[in-house]
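FYI, side chains are in, hydrogens and waters are out, and symmetry mates aren't considered; it's all heavy atoms of this structure.
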Amino acid sequence: MLLYLRATLFWAGFSGSTIVFACTFPFLALLDWHGRFRVLSQWTRFNVWWLKVTCGLGFEVTGTEHLAGEAKVLLCKHQSTWETLGLQRVIPPQVWVLKQELMRIPLFGWGMSLVHPIAVDRSAGRKAISQLVRQGQDRLQRGLWVVIFPEGTRTAPGERGRYKLGGAVLAARSGRPVIPVAHNAGLYWPKGSFIKYPGTIRMEIGPPIPTEGRRAEEIMADAEEWIESRTNVLCGIHNNTETKPGSEGHHNAP
């Protein structure tokens with residue numbers, strides 16, 4: 001019952017903060033891109049803090065030294081809703097690649113449109129990759145990181161979705177390195193779960209994967225291997241065994 005109470009408090013704060021920030025949207029249009037990003041990132045900052053206060057769920061990050069230098073293409077494992085918040089607390093000014101239909105969601109879509117995400121029509125086949133490459137190169141040239149979840153949807157710890165090539169194609173065409181990211185957020189904030197388990201999410205940022213003169217398939221194979229192997233380590237998955245929140249190595253709820 002305590003876990004449900006904590007999660008209820010979190011969602012109440014999450015919803016309330018979303019409404020508050022939505023009231024700023026008309027004024028944000030008066031700011032440049034970086035001004036909008038700074039304001040909207042405070043919503044993320046609040047909710048990551050509120051998650052720690054209400055649910056006892058924090059995070060730690062290693063490998064931030066790999067974020068130095070020019071904007072790059074970042075490929076991240078997608079297990080949870082948490083990384084959509086956490087990445088904004090760690091990665092330099094960024095845009096996301098997302099499904100076009102998400103832009104029609106009230107409040108969320110309106111807010112996202114203010115920071116120029118790369119919205120693609122996934123039903124368009126090869127044209128979707130062309131959209132991604134064209135818009136992605138524009139964002140990279142503007143000094144903005146491009147964040148992509150290559151599996152396209154959330155997968156549970158121990159599962160692997162099909163890695164789509166769009167991010168690797170963008171990296172190959174632009175010549176920008178790929179930064180792979182692994183984490184274990186799915187253990188604490190599982191897909192479709194109302195409850196968030198207390199503990200510490202671990203995120204690991206990998207070394208740059210070179211892309212110049214390489215085929216997209218080779219780039220993605222390297223990224224996938226690093227992401228999946230490190231994700232399994234972070235999730236405690238060895239020989240098809242998995243460490244769950246509440247077991248040894250994780251914090252139990254009081």
Side-chain angles (χ1 to χ4, degrees), residues 6-68 70-74 76-99 102-119 135 138-140 142-149 154 179 181 183 185 188-189 194 196-205:
R6 286 179 163 185
T8 299
L9 288 173
F10 169 74
W11 283 118
F14 182 93
S15 301
S17 65
T18 301
I19 293 172
V20 169
F21 274 86
C23 294
T24 70
F25 290 171
F27 305 100
L28 292 181
L30 302 175
L31 303 177
D32 63 10
W33 188 94
H34 288 278
R36 297 174 189 176
F37 183 82
R38 281 193 296 270
V39 172
L40 291 176
S41 65
Q42 299 310 305
W43 174 84
T44 303
R45 181 182 294 273
F46 168 79
N47 281 293
V48 170
W49 170 80
W50 188 236
L51 182 65
K52 176 68 172 179
V53 170
T54 56
C55 300
L57 181 54
F59 73 99
E60 60 182 28
V61 182
T62 58
T64 54
E65 66 274 12
H66 300 310
L67 300 177
E70 65 180 359
K72 302 175 180 66
V73 178
L74 186 141
C76 182
K77 184 70 177 176
H78 200 13
Q79 290 184 344
S80 168
T81 302
W82 178 85
E83 56 267 22
T84 63
L85 301 172
L87 286 173
Q88 296 181 61
R89 296 289 295 113
V90 178
I91 309 304
Q94 63 193 259
V95 297
W96 290 7
V97 175
L98 46 76
K99 296 182 292 186
L102 292 178
M103 302 298 291
R104 295 192 287 269
I105 297 177
L107 300 185
F108 175 84
W110 303 338
M112 289 297 293
S113 67
L114 290 169
V115 288
H116 305 165
I118 300 171
Q135 296 181 58
D138 170 75
R139 306 304 190 270
L140 289 168
R142 289 164 54 183
L144 307 177
W145 285 62
V146 176
V147 176
I148 303 174
F149 299 115
R154 289 172 291 176
I179 298 293
V181 175
H183 60 85
Y188 299 93
W189 187 335
F194 181 77
K196 292 92 181 75
Y197 296 95
T200 302
I201 292 169
R202 296 172 60 200
M203 174 182 284
E204 184 173 342
I205 300 170

Undergrad: Mind jotting down which residue pairs meet the side-chain hydrogen bond (donor to acceptor under 3.5 Å, both in side chains) criterion with at least one end in residues 8-26? Sequence neighbours excluded, please.
TA: S17-W43, S17-N47, T18-W43

Undergrad: Looking only at non-hydrogen atoms, find the nearest pair between Q79 and A185 and report the distance.
TA: OE1-N, 3.5 Å

Undergrad: Does E60 have any salt bridge (Lys or Arg N to Asp or Glu O under 4.0 Å) partners at least two apart in sequence or in another chain, and if so, which?
TA: R202

Undergrad: Taking all heavy atoms of A119 and all of Q135, pick out the closest pair and write down the distance.
TA: O-NE2, 3.8 Å

Undergrad: Using salt bridge (Lys or Arg N to Asp or Glu O under 4.0 Å) as the criterion, list what pairs up with R45, not counting sequence neighbours.
TA: none

Undergrad: Given 3.5 Å as the limit, does a donor-acceptor pair link the side chain of Q94 with the main chain of L87, or not?
TA: yes

Undergrad: Show which side-chain atoms of residues 28-36 pair as donor or acceptor with protein atoms under 3.5 Å away, not counting sequence neighbours.
TA:
{"unit_1": "D32", "atom_1": "OD1", "unit_2": "H34", "atom_2": "N", "d": "3.4"}
{"unit_1": "D32", "atom_1": "OD1", "unit_2": "G35", "atom_2": "N", "d": "2.8"}
{"unit_1": "W33", "atom_1": "NE1", "unit_2": "V115", "atom_2": "O", "d": "2.9"}
{"unit_1": "R36", "atom_1": "NE", "unit_2": "L28", "atom_2": "O", "d": "3.1"}
{"unit_1": "R36", "atom_1": "NE", "unit_2": "L31", "atom_2": "O", "d": "3.1"}
{"unit_1": "R36", "atom_1": "NH1", "unit_2": "L114", "atom_2": "O", "d": "3.1"}
{"unit_1": "R36", "atom_1": "NH2", "unit_2": "A29", "atom_2": "O", "d": "3.3"}

Undergrad: Taking the side chain as every heavy atom from C-beta outward, state whether W189 and L85 have any pair of such atoms under 4.5 Å apart.
TA: yes

Undergrad: What's the separation between atom CD1 in I205 and atom CG in L74, rounded to the nearest 0.5 Å?
TA: 7.5 Å

Undergrad: Roughly how far apart are T84 OG1 and L98 CG, rounded to 0.5 Å?
TA: 11.0 Å

Undergrad: How close do V90 and L67 get, heavy atom to heavy atom, and via which atoms?
TA: O-CD1, 3.7 Å

Undergrad: Once you round to the nearest 0.5 Å, how far does NZ of K77 lie from NE2 of H183?
TA: 8.0 Å

Undergrad: For T54, check side chain to side chain contact (heavy atoms under 4.5 Å, CB included) against everything at least two apart and list the hits.
TA: L9, F10, W50

Undergrad: Heavy atoms only: give me the nearest R139-P117 pair and the separation to one decimal.
TA: NH2-O, 3.4 Å

Undergrad: Are any of the side-chain heavy atoms of I179 and I91 separated by less than 4.5 Å?
TA: no

Undergrad: Would L140 and E70 satisfy side chain to side chain contact (heavy atoms under 4.5 Å, CB included), going step by step from the backbone distance to the final call?
TA: CA-CA 9 Å; L140 289 168; E70 65 180 359; over 6 Å; no

Undergrad: Once ring-ring contact (aromatic ring centres under 6.0 Å, His included) is applied, do any residues pair with F59, and if so which ones, sequence neighbours excluded?
TA: W82

